[in-house]
Amino acid sequence: MTRTAGDTLLKIPGRGKDVSGKGEPLQIIRITHEVKDGRNIHGLELGLKNLEKIMFHPDVKGYPVVIISIAGSFRKGKSFLLGFFLKYLESQTKGDWLRKDDKIKGFEWRGGTERVTSGIHIWSKPFICKNKDGEKVAVLLMDTQGVFDNESTVKDNVSLFALTNLISSVQIYNLMQQLQEDDLHHLEFFTAFGKLVAGESDETDTCINNTKFIYLIRDWGYPYDYSYGEDGGNRYIKKQLEINSNQHEELKELRKKLGKYFPNIGGCLLPHPGKAVVTKKAFDGKVKDMDDNFVENVKSFVVHLLSKEMLIAKRIHNKTLTGEDIVKYIKAYVDLLKK
Ligand code: GDP
Ligand code: MG
(Lines give C-alpha, C1' and ligand atoms only; values in the text may rest on other atoms or scores of the structure.)
(Ligands and ions follow the chains in the order given, each with its own letter.)
Protein backbone atom coordinates (compact mmCIF):
# COMPACT_ATOMS: atom_id res chain seq x y z
CA MET A 1 0.00 0.00 0.00
CA THR A 2 1.27 3.45 -0.79
CA ARG A 3 1.73 5.62 2.21
CA THR A 4 0.19 9.01 1.94
CA ALA A 5 0.81 12.01 4.15
CA GLY A 6 -2.60 11.44 5.67
CA ASP A 7 -1.55 8.11 7.13
CA THR A 8 0.88 9.75 9.45
CA LEU A 9 -0.40 10.47 12.90
CA LEU A 10 1.94 13.14 14.10
CA LYS A 11 2.40 13.60 17.78
CA ILE A 12 4.76 15.77 19.83
CA PRO A 13 7.40 13.34 20.99
CA GLY A 14 7.29 12.53 24.66
CA ARG A 15 3.69 13.56 25.33
CA GLY A 16 1.19 11.07 26.58
CA LYS A 17 -2.46 10.66 25.73
CA ASP A 18 -4.82 13.41 26.79
CA VAL A 19 -5.87 11.56 29.93
CA SER A 20 -7.18 14.62 31.77
CA GLY A 21 -9.53 15.54 28.91
CA LYS A 22 -8.19 19.10 29.06
CA GLY A 23 -6.64 18.82 25.64
CA GLU A 24 -3.13 18.58 24.26
CA PRO A 25 -1.17 20.14 21.41
CA LEU A 26 -1.50 18.05 18.25
CA GLN A 27 0.82 18.53 15.34
CA ILE A 28 -1.04 19.08 12.09
CA ILE A 29 1.84 20.10 9.84
CA ARG A 30 5.47 19.20 10.10
CA ILE A 31 8.50 20.34 8.14
CA THR A 32 10.23 17.19 6.92
CA HIS A 33 13.88 16.73 5.99
CA GLU A 34 15.18 13.87 3.93
CA VAL A 35 18.50 13.21 2.23
CA LYS A 36 17.96 11.65 -1.20
CA ASP A 37 20.82 11.00 -3.65
CA GLY A 38 22.98 13.34 -1.60
CA ARG A 39 20.42 16.15 -1.81
CA ASN A 40 18.52 17.65 1.06
CA ILE A 41 14.80 17.37 0.35
CA HIS A 42 12.34 19.35 2.41
CA GLY A 43 8.62 19.44 2.45
CA LEU A 44 5.47 19.98 4.46
CA GLU A 45 3.80 16.86 5.83
CA LEU A 46 0.16 16.92 6.77
CA GLY A 47 -1.02 15.19 9.97
CA LEU A 48 -4.47 14.54 8.60
CA LYS A 49 -5.70 12.36 11.46
CA ASN A 50 -4.74 15.00 14.00
CA LEU A 51 -6.31 17.74 11.92
CA GLU A 52 -9.55 15.78 11.56
CA LYS A 53 -9.58 14.90 15.23
CA ILE A 54 -9.66 18.61 16.05
CA MET A 55 -11.83 19.94 13.25
CA PHE A 56 -14.41 17.12 13.39
CA HIS A 57 -14.70 17.39 17.18
CA PRO A 58 -18.45 17.62 17.90
CA ASP A 59 -17.95 21.08 19.45
CA VAL A 60 -16.11 22.42 16.41
CA LYS A 61 -18.38 20.94 13.78
CA GLY A 62 -21.43 23.03 14.40
CA TYR A 63 -19.80 26.43 14.93
CA PRO A 64 -17.83 28.98 12.97
CA VAL A 65 -14.14 28.57 13.75
CA VAL A 66 -11.88 31.32 15.11
CA ILE A 67 -8.20 30.44 15.00
CA ILE A 68 -5.85 32.46 17.20
CA SER A 69 -2.38 31.88 15.88
CA ILE A 70 1.11 32.73 17.06
CA ALA A 71 4.06 32.40 14.71
CA GLY A 72 7.75 33.16 14.64
CA SER A 73 11.16 31.60 15.03
CA PHE A 74 12.06 29.28 17.87
CA ARG A 75 12.92 30.05 21.50
CA LYS A 76 11.13 33.34 21.63
CA GLY A 77 8.49 32.39 24.23
CA LYS A 78 5.59 31.64 21.86
CA SER A 79 4.42 28.38 23.41
CA PHE A 80 4.91 29.83 26.87
CA LEU A 81 2.60 32.73 25.98
CA LEU A 82 -0.06 30.38 24.62
CA GLY A 83 -0.16 28.83 28.09
CA PHE A 84 -1.69 32.11 29.35
CA PHE A 85 -4.32 31.99 26.61
CA LEU A 86 -5.20 28.44 27.66
CA LYS A 87 -5.47 29.43 31.30
CA TYR A 88 -7.89 32.24 30.41
CA LEU A 89 -10.02 30.10 28.13
CA GLU A 90 -10.14 27.28 30.68
CA SER A 91 -11.42 29.74 33.29
CA GLN A 92 -14.22 30.48 30.83
CA THR A 93 -12.93 34.04 30.65
CA LYS A 94 -14.24 34.89 34.08
CA GLY A 95 -12.97 36.40 37.31
CA ASP A 96 -9.55 35.96 38.80
CA TRP A 97 -8.12 33.68 36.13
CA LEU A 98 -4.44 34.05 36.96
CA ARG A 99 -3.24 33.71 40.52
CA LYS A 100 0.26 33.83 41.97
CA ASP A 101 0.19 30.10 42.69
CA ASP A 102 -0.90 29.14 39.19
CA LYS A 103 1.47 27.45 36.81
CA ILE A 104 1.67 28.13 33.10
CA LYS A 105 1.65 24.92 31.13
CA GLY A 106 -0.01 23.36 28.13
CA PHE A 107 1.85 24.00 24.94
CA GLU A 108 5.29 22.61 25.36
CA TRP A 109 7.75 25.35 26.14
CA ARG A 110 11.40 24.79 26.78
CA GLY A 111 14.35 26.31 28.47
CA GLY A 112 17.77 25.80 26.88
CA THR A 113 18.52 25.85 23.19
CA GLU A 114 16.74 22.66 22.16
CA ARG A 115 13.88 23.22 19.79
CA VAL A 116 10.49 21.54 19.95
CA THR A 117 9.60 20.21 16.47
CA SER A 118 8.93 22.82 13.80
CA GLY A 119 5.56 22.97 12.18
CA ILE A 120 2.02 23.77 13.21
CA HIS A 121 0.36 22.55 16.43
CA ILE A 122 -3.25 23.11 17.43
CA TRP A 123 -4.66 22.59 20.92
CA SER A 124 -6.97 19.58 20.59
CA LYS A 125 -9.77 21.07 22.68
CA PRO A 126 -11.89 23.85 21.21
CA PHE A 127 -13.29 26.57 23.47
CA ILE A 128 -16.84 27.66 22.77
CA CYS A 129 -17.18 31.42 23.29
CA LYS A 130 -19.69 34.05 22.30
CA ASN A 131 -18.81 36.76 19.81
CA LYS A 132 -20.07 40.35 19.92
CA ASP A 133 -23.34 39.37 18.23
CA GLY A 134 -23.98 36.74 20.91
CA GLU A 135 -23.28 33.89 18.49
CA LYS A 136 -21.24 30.89 19.56
CA VAL A 137 -17.87 30.31 17.92
CA ALA A 138 -15.25 27.58 18.42
CA VAL A 139 -11.94 29.15 19.41
CA LEU A 140 -8.79 27.18 18.58
CA LEU A 141 -5.23 28.00 19.61
CA MET A 142 -2.48 27.46 17.07
CA ASP A 143 1.28 27.44 17.59
CA THR A 144 3.58 27.74 14.57
CA GLN A 145 7.30 27.49 14.61
CA GLY A 146 9.65 27.86 11.72
CA VAL A 147 13.34 27.25 11.27
CA PHE A 148 15.16 30.41 10.36
CA ASP A 149 18.52 28.82 10.97
CA ASN A 150 18.93 27.11 7.63
CA GLU A 151 18.84 28.66 4.16
CA SER A 152 17.37 25.60 2.46
CA THR A 153 14.23 25.71 4.57
CA VAL A 154 13.19 29.22 3.58
CA LYS A 155 10.52 27.89 1.24
CA ASP A 156 9.07 25.66 3.98
CA ASN A 157 8.93 28.54 6.42
CA VAL A 158 7.26 30.76 3.92
CA SER A 159 4.72 28.04 3.09
CA LEU A 160 4.04 27.47 6.76
CA PHE A 161 3.46 31.09 7.68
CA ALA A 162 1.53 31.88 4.51
CA LEU A 163 -0.88 29.07 5.38
CA THR A 164 -1.38 30.29 8.94
CA ASN A 165 -2.07 33.84 7.67
CA LEU A 166 -4.78 32.47 5.42
CA ILE A 167 -6.69 30.46 8.01
CA SER A 168 -6.31 32.44 11.24
CA SER A 169 -8.60 35.20 12.48
CA VAL A 170 -5.84 36.64 14.61
CA GLN A 171 -2.19 36.23 13.72
CA ILE A 172 0.35 37.17 16.38
CA TYR A 173 3.82 37.51 14.93
CA ASN A 174 6.24 37.10 17.80
CA LEU A 175 9.53 39.03 17.76
CA MET A 176 12.28 39.85 20.24
CA GLN A 177 13.20 43.40 21.25
CA GLN A 178 12.24 45.34 18.12
CA LEU A 179 10.74 45.33 14.66
CA GLN A 180 13.32 45.43 11.92
CA GLU A 181 13.01 46.19 8.23
CA ASP A 182 13.64 42.46 7.58
CA ASP A 183 10.52 41.56 9.54
CA LEU A 184 8.39 43.73 7.26
CA HIS A 185 10.00 42.12 4.21
CA HIS A 186 9.26 38.66 5.61
CA LEU A 187 5.60 39.51 6.10
CA GLU A 188 5.31 40.88 2.57
CA PHE A 189 7.06 37.80 1.19
CA PHE A 190 4.89 35.33 3.15
CA THR A 191 1.76 37.08 2.05
CA ALA A 192 2.69 37.35 -1.61
CA PHE A 193 3.59 33.64 -1.56
CA GLY A 194 0.30 32.70 0.10
CA LYS A 195 -1.58 34.63 -2.56
CA LEU A 196 0.31 32.80 -5.25
CA VAL A 197 -0.42 29.35 -3.81
CA ALA A 198 -4.04 30.02 -2.87
CA GLY A 199 -4.60 31.68 -6.25
CA GLU A 200 -4.69 35.38 -7.03
CA SER A 201 -8.32 36.28 -6.56
CA ASP A 202 -10.55 38.71 -4.71
CA GLU A 203 -11.48 35.85 -2.37
CA THR A 204 -7.85 35.26 -1.40
CA ASP A 205 -7.35 38.99 -0.88
CA THR A 206 -10.46 39.29 1.29
CA CYS A 207 -9.33 36.28 3.26
CA ILE A 208 -5.91 37.82 4.00
CA ASN A 209 -7.43 41.28 4.62
CA ASN A 210 -9.67 39.72 7.27
CA THR A 211 -6.73 38.69 9.42
CA LYS A 212 -6.06 40.83 12.45
CA PHE A 213 -2.26 40.92 12.33
CA ILE A 214 -0.36 41.77 15.50
CA TYR A 215 3.35 42.28 15.85
CA LEU A 216 4.13 41.22 19.39
CA ILE A 217 7.47 42.51 20.63
CA ARG A 218 8.94 40.66 23.61
CA ASP A 219 11.55 42.09 26.01
CA TRP A 220 10.66 45.63 24.91
CA GLY A 221 13.37 47.97 26.17
CA TYR A 222 12.05 51.47 25.47
CA PRO A 223 8.85 51.91 27.50
CA TYR A 224 9.64 55.63 27.91
CA ASP A 225 9.26 56.07 24.11
CA TYR A 226 6.41 53.64 23.58
CA SER A 227 4.63 52.27 26.63
CA TYR A 228 4.05 48.54 27.19
CA GLY A 229 0.81 47.06 25.96
CA GLU A 230 -1.39 47.69 22.95
CA ASP A 231 -1.44 51.49 22.98
CA GLY A 232 2.32 51.79 22.83
CA GLY A 233 2.47 48.82 20.45
CA ASN A 234 -0.02 50.27 18.02
CA ARG A 235 1.78 53.61 18.01
CA TYR A 236 5.16 51.92 17.51
CA ILE A 237 3.95 49.78 14.60
CA LYS A 238 2.18 52.74 13.01
CA LYS A 239 5.43 54.69 13.16
CA GLN A 240 7.40 51.80 11.60
CA LEU A 241 4.87 51.52 8.79
CA GLU A 242 4.67 55.24 8.15
CA ILE A 243 5.50 56.38 4.65
CA ASN A 244 7.57 59.55 4.43
CA SER A 245 9.27 61.47 1.68
CA ASN A 246 12.81 60.64 2.87
CA GLN A 247 12.34 56.90 2.39
CA HIS A 248 13.75 54.99 -0.53
CA GLU A 249 11.10 54.00 -3.11
CA GLU A 250 11.50 50.33 -2.17
CA LEU A 251 10.66 51.01 1.48
CA LYS A 252 7.65 53.10 0.49
CA GLU A 253 6.41 50.37 -1.84
CA LEU A 254 6.76 47.72 0.88
CA ARG A 255 4.71 49.80 3.32
CA LYS A 256 2.01 50.47 0.75
CA LYS A 257 1.70 46.76 0.02
CA LEU A 258 1.50 45.80 3.69
CA GLY A 259 -1.14 48.46 4.31
CA LYS A 260 -3.19 46.95 1.49
CA TYR A 261 -2.76 43.32 2.63
CA PHE A 262 -3.42 43.99 6.30
CA PRO A 263 -5.71 46.95 6.93
CA ASN A 264 -6.01 45.55 10.41
CA ILE A 265 -2.42 45.58 11.65
CA GLY A 266 -1.43 46.37 15.21
CA GLY A 267 1.20 45.83 17.85
CA CYS A 268 1.79 44.98 21.47
CA LEU A 269 4.92 45.53 23.55
CA LEU A 270 5.71 43.21 26.45
CA PRO A 271 8.30 43.68 29.18
CA HIS A 272 10.94 41.07 29.99
CA PRO A 273 9.37 38.20 32.01
CA GLY A 274 12.05 38.34 34.70
CA LYS A 275 15.38 36.68 35.38
CA ALA A 276 13.92 33.53 36.92
CA VAL A 277 11.95 32.69 33.76
CA VAL A 278 14.96 32.93 31.51
CA THR A 279 17.89 31.77 33.61
CA LYS A 280 16.55 29.43 36.28
CA LYS A 281 16.83 25.86 35.09
CA ALA A 282 14.25 24.77 37.64
CA PHE A 283 11.65 27.33 36.48
CA ASP A 284 8.43 25.39 36.15
CA GLY A 285 5.98 28.04 34.99
CA LYS A 286 4.92 29.45 38.39
CA VAL A 287 3.35 32.88 38.05
CA LYS A 288 4.96 34.06 41.29
CA ASP A 289 8.43 33.62 39.75
CA MET A 290 7.61 36.02 36.91
CA ASP A 291 7.98 39.82 37.08
CA ASP A 292 4.71 41.49 38.12
CA ASN A 293 4.93 43.99 35.30
CA PHE A 294 5.15 41.15 32.77
CA VAL A 295 2.21 39.29 34.31
CA GLU A 296 0.01 42.41 34.32
CA ASN A 297 0.79 43.21 30.69
CA VAL A 298 0.33 39.63 29.49
CA LYS A 299 -3.00 39.51 31.32
CA SER A 300 -4.37 42.58 29.57
CA PHE A 301 -3.04 41.37 26.21
CA VAL A 302 -4.79 38.00 26.59
CA VAL A 303 -8.07 39.54 27.77
CA HIS A 304 -8.00 42.02 24.88
CA LEU A 305 -7.20 39.38 22.26
CA LEU A 306 -9.92 37.04 23.41
CA SER A 307 -12.53 39.76 23.86
CA LYS A 308 -15.85 39.34 22.03
CA GLU A 309 -14.93 41.98 19.42
CA MET A 310 -11.88 39.98 18.35
CA LEU A 311 -13.65 36.65 17.87
CA ILE A 312 -14.43 37.05 14.20
CA ALA A 313 -14.64 33.86 12.16
CA LYS A 314 -12.78 33.86 8.87
CA ARG A 315 -14.76 34.06 5.66
CA ILE A 316 -13.67 32.39 2.45
CA HIS A 317 -15.80 32.26 -0.68
CA ASN A 318 -18.43 34.32 1.07
CA LYS A 319 -18.97 31.69 3.72
CA THR A 320 -17.93 31.56 7.37
CA LEU A 321 -15.20 28.97 7.88
CA THR A 322 -16.17 25.79 9.69
CA GLY A 323 -13.87 22.99 10.87
CA GLU A 324 -14.70 20.97 7.76
CA ASP A 325 -13.76 23.89 5.50
CA ILE A 326 -10.44 24.23 7.28
CA VAL A 327 -9.59 20.55 6.69
CA LYS A 328 -10.43 20.93 2.98
CA TYR A 329 -8.51 24.16 2.75
CA ILE A 330 -5.33 22.89 4.43
CA LYS A 331 -5.39 19.67 2.37
CA ALA A 332 -5.74 21.62 -0.86
CA TYR A 333 -2.99 24.02 0.16
CA VAL A 334 -0.51 21.25 1.03
CA ASP A 335 -1.36 19.48 -2.26
CA LEU A 336 -0.78 22.66 -4.22
CA LEU A 337 2.64 23.01 -2.63
CA LYS A 338 3.63 19.55 -3.85
CA LYS A 339 3.07 20.52 -7.48
P1 GDP B 1 9.14 29.09 21.49
O2 GDP B 1 10.18 28.21 20.86
O3 GDP B 1 9.08 30.43 20.82
O4 GDP B 1 7.80 28.44 21.58
O5 GDP B 1 9.66 29.40 22.97
P6 GDP B 1 9.21 28.73 24.36
O7 GDP B 1 7.85 29.19 24.72
O8 GDP B 1 9.48 27.28 24.32
O9 GDP B 1 10.22 29.45 25.37
C10 GDP B 1 11.61 29.34 25.21
C11 GDP B 1 12.32 29.97 26.41
O12 GDP B 1 12.08 31.37 26.45
C13 GDP B 1 11.85 29.43 27.76
O14 GDP B 1 12.97 29.22 28.55
C15 GDP B 1 11.02 30.55 28.36
O16 GDP B 1 11.06 30.56 29.74
C17 GDP B 1 11.67 31.79 27.77
N18 GDP B 1 10.74 32.92 27.60
C19 GDP B 1 9.39 32.90 27.60
N20 GDP B 1 8.87 34.13 27.40
C21 GDP B 1 9.94 34.96 27.25
C22 GDP B 1 10.06 36.38 27.04
O23 GDP B 1 9.09 37.13 26.91
N24 GDP B 1 11.36 36.86 26.99
C25 GDP B 1 12.46 36.06 27.13
N26 GDP B 1 13.66 36.64 27.07
N27 GDP B 1 12.37 34.74 27.32
C28 GDP B 1 11.13 34.19 27.39
MG1 MG C 1 7.28 26.51 20.90
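Quick note: residue numbers are just sequence positions, from 1. Atoms within each ligand, like the ligands themselves, are counted from 1 in listed order. Excluded from the calculations below are hydrogen atoms, water molecules and symmetry mates; all remaining heavy atoms, backbone and side chain alike, are included.
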[X], portion touching ligand 1 at heavy-atom distance under 4.0 Å:
X	result
P273	side chain
V278	side chain
R218	side chain

Those atoms of ligand 1 less than 4.0 Å from some heavy atom in [X]:
X	answer
M176	24 (N), 25 (C), 26 (N)
S79	4 (O), 7 (O)
K78	1 (P), 2 (O), 3 (O), 4 (O), 5 (O), 7 (O)

Next item on the list: Using modelled atom types only, decide if a donor and an acceptor are shared between the side chain of K105 and the backbone of G285 within a distance under 3.5 Å.
Entry: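 No; judged by distance alone, with no hydrogens or angles, the pair does not exist.
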Notebook entry, point to check: Out of curiosity, is V277 lining ligand 1, as in a heavy atom under 4.0 Å away?
Noted result: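 Heavy atoms of V277 do come under 4.0 Å of ligand 1.
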Item checked: Set of residues satisfying side chain to side chain donor-acceptor pair (under 3.5 Å) with respect to K132, sequence neighbours excluded ->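 Once residues adjacent in sequence are excluded, K132 has no partner under the side chain to side chain donor-acceptor pair (under 3.5 Å) criterion.
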Check: Which of these, L81, D219, D291, has its nearest heavy atom closest to atom 26 (N) of ligand 1?
Finding: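 Minimum heavy-atom distance to atom 26 (N) of ligand 1 goes to D219.
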Item checked: Ion pair R255/E181, N-O distance below 4.0 Å ->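 A salt bridge is present here (some side-chain N lies under 4.0 Å from a carboxylate O).
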Margin query: Regarding D325 and K319, does a basic nitrogen lie under 4.0 Å from an acidic carboxylate oxygen?
Written below: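 Yes, this pair counts.
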Got a list of side-chain donor-acceptor pairs under 3.5 Å for residues 291-303, not counting sequence neighbours?
{"from": "D292", "atom 1": "OD1", "to": "K100", "atom 2": "NZ", "distance (Å)": "2.8"}
{"from": "N293", "atom 1": "OD1", "to": "N297", "atom 2": "ND2", "distance (Å)": "3.1"}
{"from": "N297", "atom 1": "ND2", "to": "N293", "atom 2": "O", "distance (Å)": "2.8"}
{"from": "S300", "atom 1": "OG", "to": "E296", "atom 2": "O", "distance (Å)": "3.1"}
{"from": "S300", "atom 1": "OG", "to": "N297", "atom 2": "O", "distance (Å)": "3.4"}

Next item on the list: For the pair F213 and Y173, name the ring-plane relationship: parallel under 30°, tilted 30 to 60°, perpendicular over 60°.
Entry: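 F213 and Y173: parallel rings.
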